[in-house]
Amino acid sequence: MSEPIHLKSAHSLRDAIRAKEISAREAAEAYLDHIDAVDGDVRAYTDVWREPALARADAIDSQLAKGEDAGPLAGVPIGLKDLICTTEGTTACCSELLKGFRSPYDATVAEKLYAAGTVVLGKLNMDEFAMGSSTENSSVVTTRNPWNLDCVPGGSSGGSAAAVSAHECAISLGSDTGGSIRQPAACCGCVGMKPTYGRVSRYGLVAFASSLDQIGPFSRDVEDCALTLNTICGHDRRDSTSANLEVPDFTTSLTGDVKGVRVGLPKEYFTDALGVEIRAKIDSAVKVLESCGAEVVEVSLPHTEYAVATYYIICTAEASANLARFDGVRYGNRAPDTQSPEEMYKKTKSAGFGAEVQRRILLGTYVLSSGYYDAYYLKAQKVRTLIKQDFDAAFEKCDVIVTPTTPTPAFRIGEKSDDPLSMYLSDIYTISANLGGNPAISLPCGLTESGLPAGLQIIGRPFEEGAVLQSAYAFEQNSGIDLGVPTAIAESVS
Amino acid sequence: MTYEPVIGMEVHVELSTQSKVFCGCSNDFHAPANSNVCPVCLGMPGVLPVLNGRAVEYSVLVGLALNCTISRWSKMDRKNYFYPDLAKNYQISQYDLPLCHDGFIDIEVDGKTKRIGITRAHLEEDTARNSHTVAGRESGVDFNRCGVPLLEIVTEPDIRSADEAYAYLSSLKQILQYLDVSDCNMEEGSIRAEANISIRPTGTEPFGTKTEVKNVASFSGTQKAIEYEIKRQTKILDDGGTVDQVTMGWDADRGVTVTQRSKESAHDYRYFPEPDLTPIVVDEAWETRLRKSMPELPQVRRARFMEEHGLSEYDASILIADKAAADYFEQTVSAGAPGKLAANWIMGDLQALMTEKQGTINALPITPGHLAEMIGLIEDGSISGKIAKDLLPEMYDSEKAPGDLVKEKGLAQISDTSVLEQMGADLIEANPGPAEDFRNGSERAIGFFVGQMMKATKGQANPKLANEIMRKLLQQ
């Protein structure tokens with residue numbers, strides 16, 4: 001019996017659909033059936049678009065039947081994080097406040113993915129407004145880790161990571177403000193990449209922290225990651241912060257070779273905070289790269305210890321303004337029976353926002369307040385510059401930086417929900433790349449003894465996604481690591 | 001005790017760009033409510049602003065006209081506050097790095113020139129408009145205005161009287177009209193002025209406590225509000241009280257200022273740099289290009305009108321005050337009319353006619369060419385000035401050339417000596433009494449005969465000729 005459709009990579013499925021061995025409809029049906037089989041356990045989706053997906057798949061099939069080019073991802077079933085605006089279905093950011101909200105427009109990335117021939121299966125779960133590291137802050141449901149249903153999938157793009165890992169879509173999109181793609185990718189054992197800030201248009205991405213947010217893909221291998229980047233990257237005149245730069249064909253970086261590539265290991269990342277098991281996985285991963293011809297050098301990112309504090313000042317400050325618009329005046333769920341604008345705002349926001357979102361809005365409002373601005377926000381911006389300079393200096397000595405993605409594997413559901421500070425530290429290794437604007441990928445580098453995935457992070461110079469993908473691909477092809485189907489859903493797959 | 005008022009002005013000007021400042025929506029006031037809106041100006045989730053380059057250019061032009069330094073590098077900031085007319089609950093504005101700063105404007109009050117410092121001019125977005133129904137206790141928001149580009153111009157506290165404030169506003173409006181960057185319609189809110197007013201004992205340096213006066217619908221209203229506020233503060237200090245730092249509204253019906261907001265409830269706007277927009281860089285080449293594209297400004301034009309067209313300072317000042325009138329004047333002169341005559345006709349009969357017909361100079365049925373032609377007809381003696389006064393309304397209504405109207409209606413002046421001599425002889429014969437009076441030395445009698453001749457010719461007799469002929473005939 002041939003390999004089930006939903007186990008194929010996006011590129012091999014795309015090839016089979018183009019060759020008319022499999023129809024786009026068959027692919028969509030296979031995935032939708034698999035969602036029916038496993039999503040009751042995983043709970044990755046907040047909204048499944050069965051009928052629209054099948055209609056879209058039929059349209060791709062008829063394009064192919066006419067001999068038309070249906071796009072570089074023709075017929076590939078994908079999922080979108082619930083904060084990417086789509087005119088289909090709802091875009092609720094997993095918040096009570098936006099429950100049922102229908103966007104009047106499609107995000108730039110959604111337009112690009114439609115044009116590339118993808119079939120969107122639905123919207124994926126997340127921490128409310130992308131604030132969290134476990135997907136427990138979703139107002140809809142808590143997504144569970146396909147490797148152990150008692151563990152979190154990471155966050156905030158937990159649904160996007162779990163869906164790809166559990167084969168509920170071939171590719172998904174998430175967003176990464178401080179690690180929200182890479183950390184859940186590491187927790188769920190899939191590939192997740194945050195491109196350089198400015199590489200992908202943010203138009204239609206509901207903003208958490210505008211200077212840090214970046215959309216990126218989840219996939220089951222590095223080639224699919226490169227293919228998706230080819231589709232979603234590029235300048236967009238609707239996003240002033242999107243870079244007006246040529247986008248290379250990222251698949252050309254997938255040579256399998258890293259001869260002469262200088263791999264930097266930042267000494268500040270390899271401390272006692274790093275669990276021994278994860279550390280061992282990273283050490284072996286570095287050896288694999290070395291065996292493929294990479295040269296390993298120690299580098300220093302001296303301001304690393306300030307990254308988490310800096311991040312939580314800047315991201316909350318921006319969030320306090322970005323989330324101000326959710327007031328129930330023009331859209332969203334307005335609290336009933338209020339007597340004044342003030343009362344309307346207070347009741348709407350108190351009822352509509354979850355605890356973590358309220359905490360961050362209050363923090364952000366505080367750090368921008370008169371008398372505190374200089375001590376917090378301004379100081380944080382200065383430290384951010386120092387962190388960027390750290391990267392610049394390190395990248396004079398190396399071409400890519402290799403680190404663990406997370407200090408520990410996925411934790412248990414509920415384990416950190418009452419301890420926000422320990423939750424914030426889940427992103428200790430990923431935050432710096434957001435502050436610096438650098439591209440960074442997380443890819444699986446093995447399973448711990450408890451059977452949970454560990455993630456290897458590779459960070460590159462700004463706009464050098466190609467170098468990151470080159471090293472990631474070389475590792476993937478030469479490490480012999482293939483996690484296979486996640487254990488918790490393996491029964492449903494066979 | 002005598003006090004000296006210290007006044008600074010903040011003026012918000014809506015820029016008349018085609019589209020809004022951060023999206024492609026039409027910047028049109030009169031459209032039905034919420035018809036010029038899009039996801040961006042409605043603050044929908046996920047949208048991003050894109051700065052309108054033309055709004056930057058308009059702002060720089062104003063900055064240059066106000067002798068400002070143009071920032072090579074400036075940025076937008078978020079000003080955070082909650083109100084239903086603010087789609088995002090923050091206004092994109094400029095905080096510490098305005099586009100234009102450190103300029104000045106020279107104004108004239110009582111024939112004296114005074115320099116008013118311009119602290120800054122910065123670009124921001126306008127808010128929506130709220131409306132409320134009393135009966136239904138309902139409120140509506142029209143977002144057409146949300147995102148209209150707004151330039152805020154702030155002066156130094158250099159203004160010392162309500163008259164100076166009025167002169168400042170008038171001069172500023174003239175400049176904006178000359179630059180053609182705003183409709184300058186105060187009633188529709190395209191210019192909104194606020195005054196910061198304090199008083200201090202004459203001869204002392206430290207500023208008194210200021211109050212801010214808002215919500216004034218006209219320049220003269222601003223002038224009255226400032227006058228009122230100076231009197232109010234003077235009375236408080238004379239009575240041994242202290243002025244509270246408050247925001248006042250102007251109640252035009254009652255002619256008083258009313259406290260709107262106290263300092264205690266002042267906002268903390270939590271400004272921070274707008275992360276969705278890149279810095280605004282106006283390089284030297286761009287500034288130079290804009291400087292070269294600047295039209296002639298009112299003060300320069302006034303001097304030129306005096307020099308080139310021989311106008312008095314008074315006439316020149318009146319003409320340049322309205323750019324459209326000044327343009328009309330120049331076109332009339334280019335069409336061949338002498339400057340002084342053109343100015344008299346425009347400021348006199350033409351102005352009266354426009355007032356009567358409720359017309360504007362922009363939509364005047366009488367072209368500058370027609371006006372020049374009419375002045376030419378007077379000059380060459382074809383028609384009298386009196387005929388011309390009657391001709392003007394006809395030109396207005398028919399939009400015809402004056403020469404054609406004169407022919408059509410037979411209004412040409414009678415300068416044919418033989419016709420007038422015959423008529424004069426007949427008049428003397430028919431009026432022996434007045435003829436006798438003249439011969440007895442009554443100069444007034446000649447007026448009677450000229451009047452009769454004008455009446456008989458329906459005003460078409462050349463008055464100078466009529467006078468000469470009657471005198472000659474009566475002396476025979």
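Every chain is numbered from 1 and lettered A, B, ... according to where its sequence line falls, protein lines coming before strand lines. It should be emphasised that the depicted structure is a prediction, and the values quoted were computed from it without experimental measurement.
- Residues B/L42 and A/Y331 are not in side-chain contact: their nearest non-hydrogen atoms beyond the backbone lie 4.5 Å or more apart.
- Summarising the local packing, OH of B/Y81 is surrounded by more than 12 heavy atoms from other residues, nucleotides or ligands at distances under 6.0 Å.
- For A/S103, no part lies under 4.5 angstrom from a heavy atom of chain B.
- Taking CG of B/D268 as the reference point, atom OH of A/Y373 lies at 12.0 Å (rounded to 0.5 Å).
- Only the side chain of A/Y377 comes within contact range of chain B, with at least one heavy atom under 4.5 Å from a heavy atom of that chain.
- Proximity to chain B involves both the backbone and the side chain of A/T365, based on heavy atoms less than 4.5 angstrom apart.
- Atom NZ of A/K99 is surrounded by 12 or fewer heavy atoms from other residues, nucleotides or ligands within 6.0 Å.
- To the nearest 0.5 Å, atoms CG (B/N89) and CG (A/N322) are separated by 12.0 Å.
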Q: Could you check B/V47 against A/Y105 for side chain to side chain contact (heavy atoms under 4.5 Å, CB included), going step by step and ending with a plain yes or no?
A: CA-CA 9 Å; B/V47 298; A/Y105 71 100; 3.5 Å; yes
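- Side-chain atoms of A/D327 and B/Y83, non-hydrogen and from C-beta on, never get closer than 4.5 Å to each other.
- More than 12 heavy-atom neighbours from other residues, nucleotides or ligands sit within 6.0 angstrom of NZ on A/K112.
- The CZ atom of B/F272 sits 8.5 Å away from atom OG of A/S211, with the distance rounded to the nearest 0.5 Å.
- Separation of atoms CG (B/L48) and CZ (A/R238) is listed at 9.5 Å; rounding is to 0.5 Å.
- For B/D96, the CG atom counts as densely surrounded, since its 6.0 Å shell holds more than 12 non-hydrogen atoms of other residues, nucleotides or ligands.
- Using a 4.5 Å cut-off between heavy atoms, A/F101 touches chain B through its side chain atoms alone.
- A/F326 is listed as a side-chain neighbour of B/P45, based on a closest heavy-atom distance under 4.5 Å.
- The candidate from A/G371, A/P341, A/S210 with the greatest count of non-hydrogen atom pairs under 4.5 Å with chain B is A/S210.
- Between B/N80 and A/A321, the shortest heavy-atom contact is OD1-CB, 3.3 Å.
- Ranked by non-hydrogen atom pairs under 4.5 Å with chain B, the options A/P104, A/S369, A/S320 are led by A/S369.
- With rounding to the nearest 0.5 angstrom, the CG atom of B/N34 is 11.0 Å from the CZ atom of A/R330.
- Counted within 6.0 Å of CD on B/Q18, heavy atoms from surrounding residues, nucleotides or ligands total 12 or fewer; the atom is thus considered open.
- Only the backbone of A/A317 comes within contact range of chain B, with at least one heavy atom under 4.5 Å from a heavy atom of that chain.
- Using cut-offs of 30° and 60° for the angle between ring planes, the A/Y345 and B/F82 rings count as tilted.
- Applying the 6.0 Å contact sphere to CZ of A/F353 captures more than 12 heavy atoms from other residues, nucleotides or ligands.
- With a 4.5 angstrom heavy-atom cutoff, B/P39 touches chain A only via side-chain atoms.
- Only the side chain of A/Y197 has a heavy atom closer than 4.5 Å to any heavy atom of chain B.
- A/R237 CZ: 12 or fewer foreign heavy atoms inside a 6.0 Å radius.
- Your options are A/V329, A/L212, A/L205, A/L378, and the one with the most heavy-atom pairs under 4.5 Å with chain B is A/L205.
- Note that the SG atom of A/C85 and the CE atom of B/M44 stand 8.0 Å from one another [nearest 0.5 Å].
- Per-residue heavy-atom pair counts under 4.5 Å with chain A were compared for B/E274, B/K88, B/R270, B/R78, and the maximum is reached by B/R270.
- A/R325 and B/Y90 share a side-chain donor-acceptor pair at under 3.5 Å.
- At a 4.5 Å heavy-atom cutoff, the contact between B/F143 and chain A is made by side-chain atoms alone.
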